[in-house]
Amino acid sequence: MFHQIIFNRVRGFAALALILLLAACGTTEPDAYVERPVEELYNQALADLNAENYGAAARGFDEVERQHPYSVWSTKAQLMSAFAYYQSNEYDQAILAAERFIDLHPGNKDVAYAYYLVAISYYEQITGVERDQKVTRQALDALQNLVRRFPNTEYAQDARLKIDLTRDHLAGKEMAIGRYYLKQQHIVGAINRFRTVVEEYQTTTHVPEALHRLTEAYLILGINDEAQTAAAVLGYNFPGSDWYEDSYALLDKNYLRPEVHEDSWIVKAWKAVF
């Protein structure tokens with residue numbers, strides 16, 4: 001008798017659930033698509049942007065394009081969407097929106113700004129030298145692309161400053177790895193990292209230390225000619241630096257003096273730039 005009562009209750013609950021489900025299915029409808037005037041959509045998105053509601057602004061500008069893809073407002077909204085995403089720190093979305101604008105409107109008068117948004121969105125994601133530097137290289141490529149395409153714009157002026165900082169950051173990464181290899185006595189690996197700094201990042205702040213570390217590493221390997229050349233180039237170009245004093249002391253301890261050997265890769269690399 002007890003089991004029958006339980007069974008009847010379960011069956012009753014199941015029947016009630018089914019009735020409620022059918023009722024819900026019969027009354028629930030998807031939100032109706034309401035088309036709004038383009039000016040209204042755009043002005044609302046702009047108001048959100050001015051109020052620093054950047055997420056809402058981005059979605060609003062996207063809606064302008066979705067509802068009115070062939071209007072003149074749509075083109076403006078595409079770029080404003082990229083800017084709003086950038087302001088909300090949604091960098092990946094900003095890059096996608098800006099690149100889409102570039103693809104669709106390569107001759108637009110504001111296309112230089114779209115390239116700038118791409119570059120600055122990468123640049124602001126740069127992390128410390130202990131992390132992977134993929135985004136730093138992407139930032140450098142985007143900044144250089146901007147300067148190459150639009151060299152006389154205000155965006156290019158800012159990009160040139162950021163290029164120097166980005167290159168210095170990449171050089172710092174090479175130095176960090178090189179110092180680690182040197183500490184672990186992986187001398188050849190360390191030399192390769194310091195060599196990259198000297199060959200590819202000669203205008204950065206890390207070059208004096210790189211030349212000193214090369215002096216140190218080559219002395220460990222007993223390659224005195226390269227050690228002397230590294231110290232000589234360091235002394236000639238950065239005569240008052242502490243790194244030169246340290247290099248000179250290392251050579252002196254080994255009864256050597258700074259001396260340029262013309263067949264050294266260091267001399268060839270240096271002459272190629274200066």
Side-chain angles (χ1 to χ4, degrees), residues 79 81-106 108 110-182 189-214 233 237-238 243 265-266 268-274:
L79 190 58
S81 172
F83 174 71
Y85 280 124
Y86 163 72
Q87 287 291 89
S88 64
N89 297 329
E90 295 183 64
Y91 296 118
D92 291 343
Q93 287 295 99
I95 291 168
L96 287 173
E99 287 181 338
R100 184 166 181 271
F101 179 88
I102 293 167
D103 290 340
L104 293 175
H105 313 287
N108 189 279
D110 294 319
V111 73
Y113 182 64
Y115 277 95
Y116 180 74
L117 280 177
V118 172
I120 199 69
S121 293
Y122 280 125
Y123 181 82
E124 292 191 7
Q125 295 182 78
I126 292 175
T127 56
V129 295
E130 71 279 359
R131 306 287 295 276
D132 179 75
Q133 296 302 303
K134 177 182 177 181
V135 73
T136 310
R137 289 185 287 272
Q138 289 173 316
L140 181 59
D141 289 342
L143 290 164
Q144 290 175 331
N145 189 30
L146 170 61
V147 171
R148 184 169 57 253
R149 289 176 178 272
F150 308 99
N152 300 318
T153 63
E154 59 182 313
Y155 310 119
Q157 293 177 7
D158 184 57
R160 289 186 183 95
L161 296 175
K162 288 179 169 56
I163 285 171
D164 290 340
L165 294 173
T166 303
R167 286 174 52 80
D168 201 81
H169 197 80
L170 289 171
K173 176 67 173 182
E174 296 295 327
M175 290 301 301
I177 297 173
R179 285 191 292 267
Y180 174 78
Y181 284 162
L182 196 60
I191 287 173
N192 288 336
R193 296 293 179 165
F194 302 138
R195 179 169 181 163
T196 296
V197 174
V198 171
E199 289 184 323
E200 298 182 18
Y201 303 106
Q202 287 188 3
T203 58
T204 70
T205 60
H206 298 280
V207 171
E209 183 186 356
L211 289 167
H212 166 69
R213 298 298 180 186
L214 285 167
V233 171
N237 291 279
F238 308 97
W243 296 116
W265 68 265
I266 300 172
K268 295 173 183 176
W270 208 259
K271 286 181 178 179
V273 175
F274 297 99

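Just so you know, these numbers come straight off a predicted model, no measurement behind them.
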(message) Using every non-hydrogen atom in the two residues, find where V111 and H105 come nearest and quote the distance to one decimal.
(response) CG2-O, 3.8 Å

(message) For Y201 versus R167, what's the shortest heavy-atom pair and its separation?
(response) CA-NH2, 3.4 Å

(request) Look at the aromatic rings of Y113 and Y155 and report parallel, tilted or perpendicular, splitting at 30° and 60°. (result) tilted

(message) Quick one: does any side-chain atom of H206 pair with a main-chain N or O of H169 as donor and acceptor, under 3.5 Å?
(response) no

(request) Hey, could you give me the CG/CZ distance between L182 and F194, rounded to the nearest 0.5 Å? (result) 5.0 Å

(message) Before you tell me yes or no, could you show the steps for W243 and R213 under side chain to side chain contact (heavy atoms under 4.5 Å, CB included), namely the whole-Å CA-CA distance, both residues' side-chain angles and the distance that decides it to 0.1 Å?
(response) CA-CA 9 Å; W243 296 116; R213 298 298 180 186; 3.8 Å; yes

(message) Tell me whether E90 contacts the main-chain N or O of A82 through its side chain, where contact means a donor paired with an acceptor under 3.5 Å.
(response) no

(request) Give the minimum heavy-atom separation between G172 and V129, together with the two atoms involved. (result) C-CG1, 3.9 Å

(message) If I compare all heavy atoms of P151 with all of A156, which pair ends up nearest, and what's the gap?
(response) O-CB, 3.6 Å

(message) Please identify which of these residues, Y123, Y116, Y115, Y122, meets the side chain to side chain contact (heavy atoms under 4.5 Å, CB included) condition with L143.
(response) Y123

(message) If you apply the rule side chain to side chain contact (heavy atoms under 4.5 Å, CB included), what do you find for T127 with Q133, and how did you get there?
(response) CA-CA 7 Å; T127 56; Q133 296 302 303; 4.1 Å; yes

(request) Verify, without hydrogens or angle tests, whether K173 (side chain) and R131 (backbone) share a donor-acceptor contact under 3.5 angstrom. (result) yes

(message) Is any side-chain heavy atom of V135 closer than 4.5 Å to one of Q138?
(response) yes

(message) With rounding to the nearest 0.5 angstrom, report the CZ to CD distance, R195 to E174.
(response) 13.0 Å

(request) Return yes if a side-chain donor-acceptor contact under 3.5 Å exists between R148 and N145, otherwise no. (result) yes

(request) Measure the CD-CD1 distance between Q125 and I95 for me, rounded to the nearest 0.5 Å. (result) 5.5 Å

(request) Check the pair R193 / Y180 against side chain to side chain contact (heavy atoms under 4.5 Å, CB included), numbers first and verdict last. (result) CA-CA 10 Å; R193 296 293 179 165; Y180 174 78; over 6 Å; no

(message) I need the L211 CG to Q202 CD distance, nearest 0.5 Å.
(response) 8.5 Å

(request) Report the distance from atom OG1 of T166 to atom CG of L161, rounding to the nearest 0.5 Å. (result) 10.5 Å

(request) Locate the shortest heavy-atom distance separating T204 from A171; write the atom from each residue and the value. (result) OG1-CB, 3.7 Å

(message) side chain to side chain contact (heavy atoms under 4.5 Å, CB included) for F101 and L117? Distances and angles first, verdict last.
(response) CA-CA 11 Å; F101 179 88; L117 280 177; over 6 Å; no

(request) Grab the two heavy atoms, one from S121 and one from A94, that are nearest each other, plus how far apart they are. (result) OG-CB, 3.7 Å

(message) Is it the case that the side chain of E209 and the backbone of V207 share a donor-acceptor pair, with hydrogens and angles ignored and the cut-off at 3.5 Å?
(response) no

(message) Does any part of the side chain of D164, heavy atoms only, come nearer than 4.5 Å to the side chain of R160, both counted from C-beta?
(response) no

(message) Return the CE to OG1 distance between M175 and T205, rounded to the nearest 0.5 Å.
(response) 9.5 Å

